[in-house]
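This report concerns only the one structure given below.
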Amino acid sequence: MATSQQQVSAASSAAGVSGPGSAGGPGTQQQPQPPTQLVGSAQSGLLQQQQQDFDPVQRYKMLIPQLKESLQTLMKVAAQNLIQNTNIDNGQKSSDGPIQRFDKCLEEFYALCDQLELCLRLAHECLSQSCDSAKHSPTMVPTATKPDAVQPDSLPYPQYLAVIKAQIACAKDIHTALLDCANKVTGKTSAPPTGPGGAL
């Protein structure tokens with residue numbers, strides 16, 4: 001009788017060690033966490049993709065290998081079509097495998113060329129705007145927090161605001177002058193109202 005009780009207690013203790021309620025129960029099991037390195041790499045990849053989409057130079061560099069590959073494919077498909085047409089003209093048996101269409105490859109090549117042209121035009125416009133900005137506003141606002149790192153040609157922020165306000169006033173004057181000229185050309189000049197006493 002004592003032996004059977006010892007066996008039952010040993011079995012219950014073994015079940016308590018290896019059962020689902022051990023080590024704090026099933027509610028205390030740790031959930032698997034995603035590795036931080038994968039999350040960081042995914043975020044950096046997304047940021048790099050956004051920079052490539054907005055930066056025309058980076059997109060141009062990304063499209064150059066695709067253009068080379070498209071040109072190689074175009075030449076290969078053109079050679080295959082030329083060989084097949086020559087064999088057909090000579091009455092010989094052509095290759096049984098499918099051959100890519102030349103017009104599709106040519107269309108893909110031209111599409112990549114158009115994208116490269118747009119990237120170059122956008123980069124040229126950005127460079128022109130940067131040059132115009134440096135020409136019409138040569139003094140910049142200091143961005144460094146340390147006094148030793150401030151550029152000697154930079155303006156303090158209040159003076160920079162004064163320069164911007166002057167440029168806005170000049171732009172408004174130019175707009176008003178052009179509008180007056182347009183009204184004079186079209187004959188819609190606004191004459192001052194003359195009262196009974198006449199003009200002063």
Side-chain angles (χ1 to χ4, degrees), residues 39-75 77-78 100-200:
V39 176
S41 61
Q43 291 179 355
S44 61
L46 181 61
L47 180 61
Q48 185 178 4
Q49 181 67 28
Q50 290 178 356
Q51 291 178 355
Q52 289 179 357
D53 292 339
F54 287 104
D55 191 359
V57 178
Q58 292 294 332
R59 185 165 180 79
Y60 178 83
K61 292 180 180 179
M62 183 182 63
L63 290 175
I64 285 295
Q66 299 181 11
L67 183 67
K68 292 181 180 179
E69 183 179 359
S70 178
L71 181 59
Q72 292 176 359
T73 304
L74 179 64
M75 294 295 102
V77 171
Q100 297 182 6
R101 294 180 56 180
F102 177 75
D103 54 349
K104 294 294 183 181
C105 296
L106 186 62
E107 183 179 356
E108 180 182 357
F109 178 74
Y110 279 148
L112 289 173
C113 290
D114 293 338
Q115 293 182 19
L116 288 172
E117 184 180 1
L118 290 176
C119 290
L120 291 176
R121 287 185 177 181
L122 182 58
H124 183 266
E125 290 294 332
C126 293
L127 181 60
S128 300
Q129 291 181 2
S130 178
C131 292
D132 293 339
S133 177
K135 178 181 178 181
H136 298 291
S137 181
T139 53
M140 303 300 294
V141 178
T143 57
T145 56
K146 297 181 180 180
D148 299 337
V150 176
Q151 296 84 1
D153 297 335
S154 61
L155 276 180
Y157 190 70
Q159 296 183 11
Y160 185 77
L161 287 180
V163 172
I164 297 301
K165 290 180 180 179
Q167 291 179 351
I168 293 175
C170 182
K172 288 183 178 179
D173 293 340
I174 294 174
H175 179 267
T176 304
L178 292 175
L179 187 61
D180 292 340
C181 292
N183 290 333
K184 289 179 181 180
V185 170
T186 56
K188 295 181 180 179
T189 55
S190 58
T194 58
L200 295 178

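- Interatomic distance, Q58 CD to L63 CG, rounded to the nearest 0.5 Å: 11.5 Å.
- Residues L74 and L106 come closest through the heavy atom pair CD1-N, 3.6 Å.
- Rounding to the nearest 0.5 Å gives a distance of 11.0 Å between CG of L178 and CG of D173.
- Checking side-chain atoms of S130 against main-chain N and O of C126 turns up no donor-acceptor pair under 3.5 Å.
- Taken from SG in C119 to NZ in K61, the straight-line distance is 12.5 Å, to the nearest 0.5 Å.
- Atom SG in C105 sits 8.0 Å away from atom CG in D103 (nearest 0.5 Å).
- The shortest distance between side-chain heavy atoms of K172 and H175 does not fall below 4.5 Å.
- For the atom pair Q72 CD and L67 CG, the distance stands at 10.0 Å (nearest 0.5 Å).
- Between L122 and L118, the closest side-chain pair of non-hydrogen atoms is not below 4.5 Å.
- Sorted by first and then second residue, the salt bridge (charged side-chain N to carboxylate O under 4.0 Å, His left out) pairs involving residues 111-120 (not counting sequence neighbours) are E117-R121.
- A donor-acceptor pair under 3.5 Å is absent between the side-chain atoms of S70 and the main chain of Q66, judged by distance alone.
- Taking all atoms of both residues into account, the shortest heavy-atom contact from T73 to Q100 is CG2-OE1, 3.9 Å.
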